[in-house]
Amino acid sequence: MTTRILLLIPACVSISLAQEIAPVKPEQPPAKDDAAAPVKPSVTKLDDTRYQIGGVILDRKIREIRFPAKVNMAEGLIEYMIILQKGKAHEALLITPIVPTELNLAFVLLSYPPSPELFSQINETGHPTGIYPEVPAPVRAAARITMEVEWSENGTTRRVHINEWLRDKAKDAALAPGPWLYTGSSFSEGKFIPDLSGDIASIKLDPYAMINYPGTDNEGVVWFAFPKRVPPVGTDVTVIITPYFKSKPHPTP
């Protein structure tokens with residue numbers, strides 16, 4: 001049985017001292033055995049504003065999240081922006097070694113509320129009802145994030161919006177500037193589903209990916225890696241997540 005858990009964290013939540021919140025674990029059903037035991041992430045304080053959870057670094061002052069990844073595809077059909085190394089590598093732009101539970105905890109500690117607005121409610125028989133949850137406007141706004149990628153090229157550090165790496169083949173144009181949506185995910189038999197599936201960020205609607213694209217072109221448009229812009233396969237990159245502000249300048253490649 002799968003249960004969707006949405007943690008709506010008030011804006012007043014913040015991190016004070018690492019030792020006060022380590023070890024931390026998200027709420028989830030009890031595990032049936034040792035193999036299903038939940039991950040228990042620990043939080044390490046790096047300096048006055050930055051903390052580390054496994055491979056994830058968060059900055060409470062600017063509400064920034066950073067984690068490592070590699071370019072997995074420089075061309076071809078893309079359905080997932082970011083997956084785990086064990087995930088759907090044949091259709092994913094980036095792969096990462098981090099633990100999704102740790103990334104989700106970073107979202108929670110920085111007061112990003114998940115928004116389920118994109119997904120139809122499910123009835124008793126497990127089928128979509130066509131009825132979408134009413135999510136308050138402040139939550140919808142706070143759940144929107146900017147995703148950027150940073151990498152080194154010929155000794156120069158480059159940073160662009162991840163949208164620049166997706167190409168609409170029919171128009172030969174990049175995905176329009178705009179936010180991504182932190183949607184959270186679900187637990188199944190005591191396990192956080194992204195830890196099992198490897199799905200972290202998806203351009204197609206995926207209720208179990210932690211991050212989804214909320215634009216009108218997330219369905220019906222076929223997206224490919226932009227070969228003129230994506231670095232070579234294997235390039236180390238850093239994924240950078242920050243709050244979305246419409247007035248924020250949009251980087252160009």
Side-chain angles (χ1 to χ4, degrees), residues 1-13 26-30 36 38 63 65 77-84 87-88 91-92 100-101 103-147 162-163 166 168 175-223 241-246:
M1 179 178 181
T2 298
T3 304
R4 188 167 187 83
I5 297 179
L6 297 174
L7 301 175
L8 301 183
I9 308 298
C12 61
V13 174
E27 295 181 5
Q28 51 186 294
R63 299 180 68 221
I65 299 172
L77 178 66
I78 299 295
E79 292 194 350
Y80 290 89
M81 300 300 288
I82 308 169
I83 61 164
L84 296 188
K88 305 176 180 69
E91 54 190 5
T101 297
L103 176 58
N104 195 58
L105 180 58
F107 275 112
V108 171
L109 292 176
L110 292 181
S111 304
Y112 287 96
S115 174
E117 66 194 73
L118 302 178
F119 307 111
S120 171
Q121 296 176 355
I122 305 300
N123 61 23
E124 299 78 7
T125 63
H127 293 87
T129 62
I131 301 173
Y132 291 81
E134 294 184 7
V135 181
V139 172
R140 292 166 67 101
R144 277 159 169 74
I145 59 175
T146 294
M147 283 204 301
I162 201 169
N163 293 29
L166 277 182
D168 180 344
L175 178 63
W180 291 75
L181 186 69
Y182 170 53
T183 51
S185 191
S186 309
F187 291 91
S188 178
E189 297 184 350
K191 291 186 177 181
F192 191 48
I193 290 181
D195 286 342
L196 303 174
S197 68
D199 302 337
I200 294 179
S202 181
I203 182 62
K204 69 171 187 177
L205 287 182
D206 183 341
Y208 301 122
M210 296 171 56
I211 300 168
N212 279 267
Y213 183 69
T216 56
D217 41 7
N218 59 7
E219 292 288 350
V221 178
V222 179
W223 292 103
I241 294 173
T242 51
Y244 174 72
F245 299 107
K246 291 183 178 180

Shortest non-hydrogen contact from [X] to [Y]?
| X | Y | result |
| --- | --- | --- |
| Ser185 | Pro194 | OG-CD, 3.2 Å |
| Val135 | Pro116 | CG2-CD, 3.7 Å |
| Pro114 | Val139 | O-CG1, 4.0 Å |

Salt bridge (Lys or Arg N to Asp or Glu O under 4.0 Å): which pairs involve residues 112-126, sequence neighbours left out?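 Counting only pairs at least two positions apart or across chains, the salt bridge (Lys or Arg N to Asp or Glu O under 4.0 Å) contacts touching residues 112-126 are Glu117-Arg140, Glu117-Arg144.
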Would you mind listing every salt bridge (Lys or Arg N to Asp or Glu O under 4.0 Å) that reaches into residues 176-187, with sequence neighbours excluded?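 Residue pairs with at least one partner in residues 176-187: there are none.
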Taking the side chain as everything from C-beta on, heavy atoms only, tell me whether [X] gets closer than 4.5 Å to [Y].
| X | Y | answer |
| --- | --- | --- |
| Tyr213 | Asn163 | yes |
| Pro243 | Tyr112 | yes |
| Ile145 | Ile65 | no |

So, taking the atom named [atom1] in [X] and the one named [atom2] in [Y], what distance separates them when rounded to the nearest 0.5 Å?
| X | Y | atom1 | atom2 | value |
| --- | --- | --- | --- | --- |
| Leu77 | Ile203 | CG | CD1 | 11.0 Å |
| Leu110 | Ile241 | CG | CD1 | 10.0 Å |
| Leu175 | Met81 | CG | CE | 7.5 Å |
| Glu91 | Ser202 | CD | OG | 8.5 Å |
| Thr183 | Ile211 | OG1 | CD1 | 7.5 Å |
| Asp199 | Tyr208 | CG | OH | 11.0 Å |

Quick one: list whatever passes side chain to side chain donor-acceptor pair (under 3.5 Å) with Glu79, sequence neighbours left out.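 Per chain and number, Glu79 pairs via side chain to side chain donor-acceptor pair (under 3.5 Å) with Lys204.
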Run the side-chain contact (heavy atoms from CB on, under 4.5 Å) test on Asn212 and Trp180 for me, step by step, so that the C-alpha distance in whole Å, both residues' side-chain angles and the decisive distance to 0.1 Å come before the verdict. CA-CA 6 Å; Asn212 279 267; Trp180 291 75; 6.0 Å; no
Could you tell me which residues satisfy side-chain contact (heavy atoms from CB on, under 4.5 Å) with Ala92, sequence neighbours excluded, listed by chain and number?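 Checked Ala92 against side-chain contact (heavy atoms from CB on, under 4.5 Å); matches are Asn72, Tyr80, Ile83.
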The test is side-chain contact (heavy atoms from CB on, under 4.5 Å); show your working for Asp206 and Phe119 and say whether it passes. CA-CA 9 Å; Asp206 183 341; Phe119 307 111; 5.9 Å; no
Under the side-chain contact (heavy atoms from CB on, under 4.5 Å) criterion, do Met210 and Phe192 qualify, and how do the steps go? CA-CA 10 Å; Met210 296 171 56; Phe192 191 48; 4.0 Å; yes
Please walk me through it: do Asn104 and Tyr182 pass side-chain contact (heavy atoms from CB on, under 4.5 Å)? CA-CA 9 Å; Asn104 195 58; Tyr182 170 53; 2.5 Å; yes
